[in-house]
Amino acid sequence: MTVTRVAESRTEFKLKSLPEDAISSVKFAPKSNQFLLVSSWDCSVRLYDVSANIERHKYSHELPVLDVCFRDAVHSYSGGLDQTLKMYDLNATNETILGEHKGAIRCVEFASEVNAVLTGSWDGTVKMWDSRVPNCVGTYNQGNERVYTMSIVGEKFVVGTSGRKIFVWDVRNMGHVNQRRESSLKYQTRCIRVFPNKQGYVLSSIEGRVAVEYLDSNPEVQKKKYAFKCHRIKEGGLEKIFPVNAISFHSVYNTFATGGSDGYVNIWDGFNKKRLCQFHRYNTAVSSLCFSHDGSALAIACSQLDDSQVEEPKPEDIVYIRYVTDQETKPK
Amino acid sequence: MGRKKKKASKPWCWYCNREFDDEKILIQHQKAKHFKCHICHKKLYTGPGLSIHCMQVHKEAIDKVPNSLPNRSNIEIEIYGMEGIPSEDVKEHEKQKTGGGKGSDSDDDEPAAKKRATPALLGPGPSTVSPGILPTPMGPVPPGMYPGHMQMNQHMMQHFMQAPRMMMPGMRPLFPAASVSSSTPSKPTFPAYSNATISAPPTTSSAASSDLKENGEVKPPVAHSCPLVTATGAGSKIIHPPEDVSLEEIRARNSKYRPKPKPDAPTSHQSSVAPTMITPSTSQAEAVMYAQVAAHMSAAVAAARHQQAAAQAAAMRRPMMPGMVLPQMRVGVPVSVPPVMGMLPVMPQFNLVRPLQPGMLLPGGVMPMGMFPGSMGGMGSMGGMGGMGSMGGMMMQPRYR
């Protein structure tokens with residue numbers, strides 16, 4: 001049941017010409033598993049052709065970039081510590097500044113349902129932007145809490161903030177927040193991803209724990225929610241509990257991968273409460289994960305974000321591309 | 001005796017009498033066929049394990065091992081592969097397999113002795129007997145048995161007595177916390193629904209009051225419990241900085257991630273923050289103080305960090321919460337106002353048309369990153385394109401690297 005591999009295998013390889021600092025986010029293109037966007041603390045956003053393993057494009061922000069997303073195959077949006085939302089046309093290689101937040105932009109997501117860009121910031125708001133021209137459509141306060149994570153599938157838009165708050169929105173009607181919740185986990189929210197089938201979301205915390213929650217507030221449905229421990233390592237009687245930094249859904253099977261600061265990637269079947277597999281331990285913490293649209297490839301970004309944990313020599317910042325099998329991702 | 005071991009038959013499954021080439025395959029078979037939970041399909045390790053799992057997880061009693069022969073359905077007996085099989089059944093199986101065709105030298109009288117000797121000791125019982133102690137297992141052996149048998153008997157006992165207990169840790173479920181979340185004391189999910197139709201900003205009376213409470217009392221304890229790595233207990237350690245702030249925010253404090261410092265940075269910071277906050281001057285002072293603490297904090301060396309940070313974090317949090325977040329609550333907005341996008345300007349704090357200050361764009365980057373921008377009350381929308389001009393100027397600045 002648990003598959004542990006030791007070395008780099010044929011099914012997995014490193015990207016070449018990688019960023020020079022920690023990787024904040026990796027995102028596959030919406031309709032191909034050939035292109036991957038990588039944002040980094042070295043202030044760059046890079047587009048890779050994964051099949052050829054070459055860097056295709058690179059553009060920069062003034063300060064580290066915290067998140068990036070695709071609109072379509074040729075447009076990307078990115079934001080970061082410079083508080084600026086940029087749109088980049090990968091064909092014309094020109095950039096447009098769409099607008100700014102008053103704090104660093106932590107999350108950037110494209111809402112295809114309404115053809116808009118959503119940005120979540122440490123200024124405590126989410127903004128919606130016209131996807132083509134610099135025009136802020138609306139600003140939505142998230143309880144004055146810093147936005148830590150966002151996920152959107154269809155119209156379902158879930159925001160996780162500091163103070164363990166969760167806001168559930170419907171992007172078609174941003175006039176009011178649909179649900180405000182408190183995280184069912186006791187520690188800081190690290191990542192939230194909505195199920196591809198929109199039934200619920202998966203939430204991870206810094207305390208090696210992942211919760212599976214349902215959006216339907218019907219008590220019968222709510223009964224199904226649960227949480228489990230993961231990304232913990234016992235060493236000589238001491239259990240080290242690692243933050244679960246990244247979650248990515250397999251869009252076909254509704255299974256999901258989690259990546260932790262322990263350097264492991266696990267794949268879970270959330271509906272059957274089963275772990276499907278665990279990959280080998282990566283060189284350092286896993287900071288971001290992204291399945292390709294068809295679930296055949298998983299991009300794994302390895303970067304230590306926690307400076308207090310950096311050991312010498314400093315681990316490299318690497319993006320691995322792993323071609324996963326049905327055995328690893330399909331519910332049994 | 002050693003000779004007998006060598007020609008021992010293939011591994012076989014006690015529950016269905018099937019033979020296997022390898023004990024590993026046998027164990028897989030048992031897990032899949034006999035120890036699988038019919039409700040959640042979890043594969044357990046032993047019959048008792050399955051029964052305990054079903055009782056504890058699904059609240060269902062299981063009285064028979066699934067897919068077993070009628071006389072081999074005992075769920076109580078701890079069998080794992082070939083270990084734990086009652087020795088009388090081992091003998092019987094061997095006898096069946098050999099069919100008497102093999103030399104029946106001593107085999108014939110052996111089972112007779114065993115049959116009487118062992119039943120009392122077997123089944124779930126053996127786990128209470130420590131292996132290697134000769135007298136105990138031999139106790140009920142009827143007189144007349146010769147030493148050769150005693151040795152063999154003991155050897156077998158050791159085998160299956162150790163096994164079941166070794167299995168115990170392995171039986172832990174994969175999702176031990178499956179039920180944890182529902183039992184956590186803070187389960188605010190449902191109360192939150194009553195607010196479901198309330199407007200986005202926490203301006204209604206009920207939302208405001210709950211926030212007030214959080215700022216005043218509820219929140220600090222929560223915030224405190226989060227960052228303290230010891231909160232989970234002595235045997236574990238959360239590998240996260242003690243502060244309850246995201247790794248990205250902590251990392252962003254690093255000086256190399258700040259824009260190139262400008263001489264007038266500190267002043268512009270203050271002057272520009274002021275208009276964005278609809279807060280009394282006291283909180284501004286606190287904000288500055290807080291920023292200083294935060295700046296100090298980021299400068300602190302890693303070694304002294306853990307202890308200091310906890311104390312500092314505590315010190316930082318206190319002034320910030322009541323001072324900086326509360327004032328916003330005072331800016332009351334009528335409940336009746338539905339804060340739809342188009343209506344934003346109705347609300348005092350959503351001053352979309354706020355004039356841009358010259359230093360406006362600098363502060364976010366220049367200010368110590370430890371400062372929580374969220375608490376600056378950043379509710380007003382950016383001036384849209386208004387900021388672009390000055391932004392363009394920013395763009396020309398060299399990157400840090």
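Remember, predicted model here, so these are calculated numbers, not experimental data.
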Between [atom1] on residue [X] and [atom2] on residue [Y], distance to nearest 0.5 Å:
X	Y	atom1	atom2	value
B:His240	A:Leu305	NE2	CG	9.5 Å
B:Ser236	A:Lys229	OG	NZ	8.5 Å
A:Asn245	B:Ser246	CG	OG	10.5 Å

What I'd like to find out is whether the side chain of [X] reaches to under 4.5 Å of the side chain of [Y], using heavy atoms alone.
X	Y	result
A:Trp122	B:Glu248	yes
B:Lys237	A:Leu238	yes
B:Leu247	A:Arg190	yes

Legend entry - Most contacts with chain B, counted as non-hydrogen pairs under 4.5 angstrom, among A:Gly80, A:Ala22, A:Ser261: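 When all of A:Gly80, A:Ala22, A:Ser261 are compared, A:Ala22 has the most.
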Inset, instruction - I would like to know whether B:Arg251 and A:Asp21 meet salt bridge (charged side-chain N to carboxylate O under 4.0 Å, His left out); could you show each step before the answer? - result: CA-CA 12 Å; B:Arg251 188 184 179 89; A:Asp21 201 345; 2.9 Å; yes
Legend entry - Contact class of A:Ala285 relative to chain B, heavy atoms under 4.5 angstrom: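 Neither part, no heavy atoms under 4.5 Å.
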Legend entry - Closest approach of B:Lys42 to A:Lys274 (non-hydrogen atoms, all atoms of both residues):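 Closest approach of B:Lys42 to A:Lys274: CA-NZ, 3.2 Å.
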Inset, instruction - Of all the heavy-atom pairs spanning A:Pro243 and B:Ile239, show the shortest one and how long it is. - result: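 So the two residues come closest at CD-O, 3.2 Å.
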Inset, instruction - Check the pair A:Tyr148 / B:Glu249 against side chain to side chain donor-acceptor pair (under 3.5 Å), numbers first and verdict last. - result: CA-CA 10 Å; A:Tyr148 282 170; B:Glu249 286 166 283; 2.5 Å; yes
Legend entry - Exam field: side chain A:Gln188 to backbone B:Val245, donor-acceptor pair closer than 3.5 Å: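 Yes; judged by distance alone, with no hydrogens or angles, the pair exists.
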Legend entry - Pairing residues for A:Ile233 by the side-chain contact (heavy atoms from CB on, under 4.5 Å) criterion, not counting sequence neighbours: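 Counting only residues at least two positions away or on another chain, A:Ile233 forms a side-chain contact (heavy atoms from CB on, under 4.5 Å) with A:Glu235, A:Phe242, A:Asp262, A:Tyr264, A:Arg281.
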Legend entry - Ion pair A:Arg164/B:Asp244, N-O distance below 4.0 Å: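 So A:Arg164 does not pair with B:Asp244 through a salt bridge.
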